[in-house]
Amino acid sequence: MADRQDGALLVQLAQWGATMGLEEAMQAVWADDFDPDAASTDDVLVSRVLTWGETVGTLTKNGLIDTDLVLDWLWVAGAWARVGPAARKMREKHGVPQLYENFEALALRQGG
């Protein structure tokens, strides 16, 4: 169960997201003309969402923030659906299946 420490970290994550321009990145990946299948990690906005999601996924995986709290706050599965194809292409290109695995695992846990 989430506690005050989880809440404080959630606020810090929100602040980091604002600082890194996450709102702009999310607007781009949710735009009507955004094509998830054509998405690339070369696009700085796609990369920003992937970095954010992997960080949140890593924190939840390691028990550093309450997973239920995060999944109540964010639609992780939806974000992964938009940028996951770019992550999979990068995995294939570099032969590293672990790239963005924590973001994907968190999305799957949410039902994505």
Side-chain angles (χ1 to χ4, degrees):
M1 175 170 256
D3 59 20
R4 288 185 182 275
Q5 198 170 12
D6 290 299
L9 183 52
L10 185 140
V11 170
Q12 289 176 336
L13 285 169
Q15 290 170 335
W16 176 54
T19 301
M20 74 183 295
L22 185 64
E23 182 178 356
E24 175 189 15
M26 293 303 286
Q27 286 176 348
V29 302
W30 287 111
D32 290 339
D33 62 346
F34 182 82
D35 180 1
D37 294 324
S40 168
T41 56
D42 292 332
D43 180 333
V44 69
L45 299 177
V46 169
S47 182
R48 199 173 291 166
V49 174
L50 286 167
T51 298
W52 164 263
E54 183 65 7
T55 301
V56 173
T58 301
L59 290 169
T60 59
K61 174 185 173 185
N62 289 284
L64 298 174
I65 189 169
D66 184 76
T67 301
D68 290 335
L69 177 65
V70 168
L71 295 179
D72 189 41
W73 175 42
L74 301 170
W75 187 29
V76 179
W80 177 257
R82 302 298 282 180
V83 298
R88 289 185 195 99
K89 285 184 253 180
M90 189 173 192
R91 289 173 182 167
E92 288 179 28
K93 177 180 178 182
H94 295 287
V96 182
Q98 296 84 5
L99 290 171
Y100 306 110
E101 69 179 352
N102 296 326
F103 185 0
E104 183 177 26
L106 188 59
L108 290 171
R109 181 161 178 180
Q110 193 173 44

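Bear in mind the structure is a predicted one, so any value in this text is a computation, not a measurement. The figures that follow rest on heavy atoms only: side chains count, while hydrogens, waters and symmetry mates do not.
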Item checked: Leu45 and Val29: CA distance, side-chain angles, deciding distance, side chain to side chain contact (heavy atoms under 4.5 Å, CB included) verdict -> CA-CA 8 Å; Leu45 299 177; Val29 302; 5.6 Å; no

Just so I know, are the side chains of Leu71 and Leu106 near enough to count as touching, which here means a heavy-atom distance under 4.5 Å?
yes

Could you pull out all donor-acceptor pairs under 3.5 Å where a side-chain atom in residues 89-96 meets a protein atom, sequence neighbours excluded?
from, atom 1, to, atom 2, distance (Å)
Lys89, NZ, Asp37, O, 3.0
Lys89, NZ, Ala39, O, 2.5
Arg91, NE, Pro97, O, 3.4
Arg91, NE, Leu99, O, 2.7
Arg91, NH1, Glu104, OE1, 2.9
Arg91, NH2, Leu99, O, 3.0
Arg91, NH2, Glu104, OE1, 2.9

Sorted by chain and number, sequence neighbours left out, side-chain contact (heavy atoms from CB on, under 4.5 Å) with Asp33 holds for Ala31

Partner of Leu59 under side chain to side chain contact (heavy atoms under 4.5 Å, CB included), picked from Val70, Asn102, Leu13, Thr67, is Leu13

Smallest heavy-atom separation, Leu50 atom then Ala87 atom, equals CD2-CB, 3.8 Å

Exam field: side chain Thr19 to backbone Gln15, donor-acceptor pair closer than 3.5 Å:
yes

ring-ring contact (aromatic ring centres under 6.0 Å, His included) pairs touching residues 1-30, sequence neighbours excluded, are Trp16-Trp52, Trp30-Trp75

When every non-hydrogen atom of Ala81 is compared with those of Pro36, the smallest separation belongs to O-CB, 3.8 Å

For Tyr100, the ring-ring contact (aromatic ring centres under 6.0 Å, His included) test, sequence neighbours excluded, returns none

So the salt bridge (charged side-chain N to carboxylate O under 4.0 Å, His left out) pairs with at least one residue in residues 22-31 (sequence neighbours excluded) are Glu24-Arg48

Between the CD atom in Gln5 and the CG atom in Leu10, the distance rounded to the nearest 0.5 Å is 13.0 Å

Between the NZ atom in Lys61 and the CZ atom in Arg109, the distance rounded to the nearest 0.5 Å is 13.0 Å

Taking every heavy atom of Val46 against every heavy atom of Ala86, the minimum-distance pair comes out as CG1-CB, 3.8 Å

Here the pair of heavy atoms bringing Val49 nearest to Met26 is CG2-SD, 3.6 Å

ask   = Would a 4.5 Å heavy-atom cut-off, applied to side chains only, mark Thr55 and Phe103 as touching?
value = no

Sequence neighbours excluded, the answer for side-chain contact (heavy atoms from CB on, under 4.5 Å) partners of Asp66 is Ala2, Asp6, Asp68, Leu69

CG of Leu9 to CG of Leu64, rounded to nearest 0.5 Å, is 7.5 Å

